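These notes are about the structure you will find just below.
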Amino acid sequence: MTTTNPDAPVTTPPAAPRKEDRPVGSGRSERLSALVQQHGALAVLLIVSLVASFSFDSFATGDNVSNMATSSAFLAIVALGMTFVIITGGIDLSVGSLFALGGVLAAWGSRHGTLVALLLPLAVCGLIGVVNGLLVARSRLAPFIVTLAAMLGARGLMLSITDEGADTYLIGKGSVLAELGQGSTLGLGNPVWITLALFAGGAVALRRTRFGQNVYAVGGNEDAAALMGVPVARTKILVYALSGLLAGLAGALNAAWLASGVTILGSGMELDAISAVVIGGTLLTGGLGYVSGSLVGVLLLKVIQNVINQIGSLDSSYQQVVSGAFLAVVVIAQTWLGRRRQLM
Amino acid sequence: MAEATLRTAPLDKARILQWLQTYGVYAGVAALLLVNSVITPYFLTTENFRTQAVQVAPVIIVALGMALVIGTEGVDLSVGAVMALAASVTALYLGYGLLPALLAVALFAAVIGLANGALVAFVGVQPIVATLALMVGGRGLALVLLPQLKDLRNPSLASLGSGDVLGIPYLILIAAALAVLLAFVVRRTTFGRQLLAIGDSRPAAQLAGLPVRRVLIVVYVVSALLAAVAGVLATARLQASDPTSLGNLMELSAITAVVVGGTPLTGGRVNIGGTVAGAVLIQLLTATLIKHDLPPSWTQIAQAVVIVAAVYAARGRGKR
């Protein structure tokens, strides 16, 4: 099996059975399927953006693009962590709550200096991520249920910090934190640059490090990975910790951007993040996925949202219908491609 | 003597654990009832019991369908959206009378269930993803059909929501009847056995020649229909259609009730009685905390603890 070779980057799902049954010369067709799976979303994004920029004068303007980029940044950071979790075959439903918790903690901590404002959400959300990982990896509980509990628990914690959502903590103007969220460099908001840096780091970690190989191996076939000496439990704990950490960071940056910790944010965010990751070509069964795809997935969701806003006559609830339909089409296409690759 | 203790001790522990796994949820409900009757004023009143039961009835109805889906090793995230859709469709067709409106709701729900089932059974999409698409799209559709809250003043709808037989509200009777019906289906019918066999091992069920696809589709349609029933009943009780918030997070409440009730997420087993008790347990827990002026945030944390404890207790049961 390809996944169990720790020296090669893993690109094919390990489930591909009966390698010897494949007809000779199927490599090209298989590569085409893989290409569509990896870059299909990018092609759709380009087409939708192109059509939108011809259809609406206000779409391709600098302001609109930079707004879209900044508002995508926070979801993208959350989706980055989710990508790692999903590649290991898990899922993290707690990110929306951790996003809100991170924002509130950052705003609360901003009175005690930027360092506290940034470290507090990272520490708390990272710790909750570690607990998620421990319950999943050591106690072998279903990730779905563990992170569901964490979602409730983190929201409860956030509400108790804010006196049941009544208190709003503000972030002072001109502070380093506010500059981090609201300032811009070279015409793009700082959150966008941070996001791009994080994605670059994430891509390197996933493709070029032992940790990344372990993530693929665990998602590909956990038992095989364990037999090969991959530290399965440690890898799982790390991905959930990473997901919690990134959700907390995204929340903190978002709070800095809005200049306050808003308690009602982040609900339903886990689903947006999962949708973006899936649209980006990462398989929910684990073992296969791309960091770049998740970024494209987030952008696609935001562009669809923006286009529907531009069509003033269309109700904004159409956005959900379109996103849902889009998700269904992508998932069907992916499953079909995956099956073709297995059959070939 | 000492030897005998040593020899039986592990067995006893296993037995206690097994007992807890099967009856823990009932013990929890009993304990909460007992504690509340002592510490909570006005707890032991018919009025209170009726309120609690009417509140929990829609959760039970949705959770029953969810239990069947989870029995096949699936999950249905679209139930909350289906509830909202049912509310919107009821509002749209109520002008033609209650029965036509109900038929329209059933039709919409069946189509959603069919779509979920077809994605899972024919395309081979993972249940969580297949139903995620309709969770997102379904609520959108509900909002497209009816963008905002709408008052529904209709005598027959109102009587459905607040009517009763011998003092027992329709909502409770309907939930109880559905629970009994589904318990019968799971335990005594061929369909029930096929469902559990598929949840145990879909490849094995396929090899054994069971109608896997048909059973899966029926299960998702049943789940959608039950969610629609819950949506209509909730709408009838509110006398208003509220597509934005009706059924919000219902998928999570239903999954929680099922899991706390002792149905493993790995499929192959369905515990209908436990599912009902699971929903009641969470309702009672919430009510207890609220009645004693503890903030809502505590409720969520308590719920989280109960979920983890229940799943931890159920660990290792059934297949891994």
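The sequence lines fix the lettering, A, B, ..., with proteins before strands; numbering per chain opens at 1. None of these values were measured; they are calculated from a predicted model.
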>> Using a 3.5 Å distance criterion without hydrogens, assess whether the side chain of A:Thr282 forms a donor-acceptor pair with backbone atoms of A:Tyr290.
In response: yes
>> Quick check against the 3.5 Å criterion: does B:Thr131 have a side-chain atom that pairs as donor or acceptor with the backbone of B:Leu77?
In response: yes
> Between A:Ala328 and chain B, which part of the residue has a heavy atom less than 4.5 Å away: side chain, backbone, both or neither?
Replying inline: both
> Is it the backbone or the side chain of A:Val146 that comes under 4.5 Å from a heavy atom of chain B, or both, or neither?
Replying inline: neither
> At a heavy-atom separation under 4.5 Å, does B:Leu132 approach chain A through its side chain, its backbone, both, or neither?
Replying inline: both
>> Working note: B:Thr235 + B:Thr90, criterion side-chain hydrogen bond (donor to acceptor under 3.5 Å, both in side chains); need CA distance, chi angles, decisive distance, verdict.
In response: CA-CA 8 Å; B:Thr235 307; B:Thr90 308; 5.2 Å; no
> Do you know which of A:Gly153, A:Ala142, A:Ser275, A:Ala325 has the most heavy-atom pairs under 4.5 Å to chain B?
Replying inline: A:Gly153
> Which residue out of B:Ile128, B:Leu141, B:Val129, B:Val308 racks up the most heavy-atom pairs below 4.5 Å with chain A?
Replying inline: B:Val129
> Looking only at heavy atoms, which two atoms of B:Ala63 and B:Val258 are closest? And how far apart?
Replying inline: O-CG2, 3.4 Å
>> At a 4.5 Å cut-off on heavy atoms, which part of A:Leu148 comes close to chain B: side chain, backbone, both, or neither?
In response: side chain
> Do B:Leu252 and A:Met151 pass the side chain to side chain contact (heavy atoms under 4.5 Å, CB included) test, and can you show the C-alpha distance, the side-chain angles, and the key distance before you say yes or no?
Replying inline: CA-CA 11 Å; B:Leu252 299 179; A:Met151 166 191 181; 3.6 Å; yes
